[in-house]
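See below for the structure under consideration.
Just so we're on the same page: letters track the sequence lines, and every chain starts at 1.
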2 protein chains.
Amino acid sequence: MARVQRDGGDDSAPTTELPAVRGQGPPAVNGRANGRGAPIPADKARVIPEAAVARLAVYLRVLSGMAEQGAVTVSSEELATAAGVNSAKLRKDISYIGTYGTRGVGYEVDVLTSEIERVLGLTRQQKVAVVGIGNLGHALANYGGFPGRGFPVEALFDVDPDLIGIPVGGLPVNHIDDIPDICATRAIAIGVIATPPTAAQAVCDRLVEGGVHCVLNFAPVVLGVPEHVEVRKVDLAIELQILSFHVARNAEQRASRRTAAARASSNGEVV
Amino acid sequence: MARVQRDGGDDSAPTTELPAVRGQGPPAVNGRANGRGAPIPADKARVIPEAAVARLAVYLRVLSGMAEQGAVTVSSEELATAAGVNSAKLRKDISYIGTYGTRGVGYEVDVLTSEIERVLGLTRQQKVAVVGIGNLGHALANYGGFPGRGFPVEALFDVDPDLIGIPVGGLPVNHIDDIPDICATRAIAIGVIATPPTAAQAVCDRLVEGGVHCVLNFAPVVLGVPEHVEVRKVDLAIELQILSFHVARNAEQRASRRTAAARASSNGEVV
DNA sequence: CGGATTTTGTGCACGCATTCACAAGCGGCT
DNA sequence: AGCCGCTTGTGAATGCGTGCACAAAATCCG
């Protein structure tokens, strides 16, 4: 079976290759002479752990906040605490994409920002299509965070004939039968599925048909896709269930602490 | 610093304890005699990896779909492919919560369902409050998937005076200043933060003040919380950026394949 | 009743990710 | 110029999660 899906809540095992030139041919000139701040040694480890990619995106957001406040340089320690991680981990994450720091000083905010953007492919805008204009789809279509971060929403789709043609967030809704055509002609890079679970697989197939290689799936189903297509899943119910597990666990712990305390006090012990 | 946050997109390292009795005291009678289908050996490994918890929730959803179609038993293989995972991993995940399978047959759908529900703390309803009734908050308040899965939304909050008192999804919106009181009196278990990033920390502090121990955070900020509070994060922009990384990587791969092919063909080689 | 068949449960090994600890490197100060 | 303090970058170690492969168990059938 060539259908795989990477769970959005499980960024552990598989590593992904860094977008660097691959062939063993002539050492690709990287535009900039290999002085200080090289993209990467060009022959060394060419993989970025998936987990590191997720954190790089977090660093990027923290960095943009720091830049707004006029920061010019950051130490790994500052950036790490702001991002909620260990400083060693942060340095290792950054080392995956190159060496841009200055020892004894830290990182230049703007340099680091643009390098992370480069690796994450944010230098060019990634066009997004949203399928399923229900509650969530409406929210996503109107969500300001997407275009503001280089992800312009350029197409909307739904089955409901009452919605077709109605503009949502300044963009008319198209019928899902037009997904392949419109995605192909508008060069949609990322498809967001916010449909009911029953419709998700069919919608996904049409997106793939339209040349979309990356899918963000909000429907609670496991999507089957060809091997070259990347799926990330966001399942709100599952997030709540994970939290529920922690609620239950904490309740148990408190309960067992109570019984332990009760037993201890009935024995005259001091806790 | 005693403030930690578990990233929703990174469920790898830390393990969490199973909600089992902890003390080394008299072997707790589990209500059911320790015949077939014991919760767990009561002295063996008492931890469920966080990643396994997330998958258990997925199995639960798949199981409920199978139950609707009248299935009585499932093999690990069936369930695994339906959930998009390896069958060995599935069996190991289930073994964390006990031994409920029958060798040569499989698992009873209803037994497995109720046991997973028990471990995930879904036997009792977890009340949810949604803070920030913007686009996303509206969607969450109206989202049918929550109450249908044991997560009734029981309180809504916002700052906007125009929204206070307006019913959204059948529930009136309260002011965020009332978060501590209302959460405490209604015994809210889980708080969902769908506010702008600037307001998120203050809202979170008030939720904690109201006795909420678990938070689902949609705002793109790292929340600081006391140690006993569990935070999960869902950041849509970061999900897109991770996909963007894969778009870029694939583009690079294709480009390098093209150059390789071009080089090969210019050399007269056959690819 | 015994063997064949099926499927669970798990010991074991491998690989990835995280963390530690330190050498290398840079800037500033005397 | 040379030393000192600070911070990066990374080798090495540890721990966790995953997947394999097989023994144990249960059912079915002859």
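- Applying the 3.5 Å distance criterion, the base of dT18(C) shares no donor-acceptor pair with the side chain of Lys92(A).
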Working note: Glu50(B) + Arg55(B), criterion salt bridge (Lys or Arg N to Asp or Glu O under 4.0 Å); need CA distance, chi angles, decisive distance, verdict. CA-CA 9 Å; Glu50(B) 185 85 11; Arg55(B) 285 191 298 265; over 6 Å; no

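- For the residue pair Glu108(A) / Thr73(A), no side-chain donor-acceptor distance below 3.5 Å is found, with atom types taken as modelled.
- Contact between the side-chain N/O atoms of Asn86(A) and the OP1/OP2 oxygens of dA17(C) is not found at any separation under 4.0 Å.
- Within the 4.5 Å cutoff, the side chain of Tyr59(A) has no heavy atoms near those of the Thr113(A) side chain.
- Set against dT7(C), dT18(C), dG17(D), the side chain of Pro49(B) has dG17(D) as its closest nucleotide.
- Separating the OH atom of Tyr100(A) from the P atom of dC26(C) is a distance of 16 Å, rounded to the nearest angstrom.
- The nearest whole Å value for the distance from the CD1 atom in Ile48(A) to the P atom in dT18(C) is 14 Å.
- Taking 4.0 angstrom as the limit, Tyr107(B) places a side-chain polar atom (N or O) nearer than this to OP1 or OP2 of dG9(C).
- Per the geometry, CG belonging to Asp93(A) stands 10 Å off C1' belonging to dA17(C), to the nearest Å.
- When distances run from any side-chain atom of Ala88(A) to the nucleotides dG9(D), dT18(C), dC20(C), the shortest one goes to dC20(C).
- For the OP1/OP2 pair of dT8(D) and a distance below 4.0 Å, the side-chain nitrogens and oxygens of Ser76(A) include at least one atom meeting the criterion.
- Scanning atom types as modelled, one donor and one acceptor separated by under 3.5 angstrom connect the side chain of Arg103(B) and the base of dT8(C).
- Across the protein-nucleic acid pair, Arg91(B) atom CZ and dG19(D) atom C1' stand 10 Å apart, rounded to whole Å.
- Remark: Arg55(A) is in phosphate contact with dT18(C), judged by side-chain N or O atoms under 4.0 Å from OP1 or OP2.
- Within the 4.0 Å cut-off from OP1 or OP2 of dT8(D), not a single side-chain nitrogen or oxygen of Thr102(A) is found.
- For the pair Glu115(B) CD and dT8(C) P, the interatomic distance rounds to 17 Å; values are reported in whole Å.
- Between the C1' atom of dG9(C) and the CD1 atom of Ile97(B) lies a distance of 13 Å, rounded to the nearest Å.
- Between Glu77(B) and Arg91(B) there is no salt bridge, since no side-chain N of the basic residue sits under 4.0 Å from a carboxylate O of the acidic one.
- Between Ala52(A) and Val105(A), the residue anchored nearer the 5' end of DNA chain C, judged by the nucleotide with its closest heavy atom, is Ala52(A).
- Computed from coordinates, the Leu90(A) CG to dA17(C) C1' distance equals 15 Å when rounded to whole Å.
- Judged purely by distance below 3.5 Å, without hydrogens or angles, the side chains of Thr123(B) and Glu117(B) never pair a donor atom with an acceptor atom.
- Between the OH atom of Tyr59(B) and the P atom of dT8(C) there is a distance of 13 Å, rounded to whole Å.
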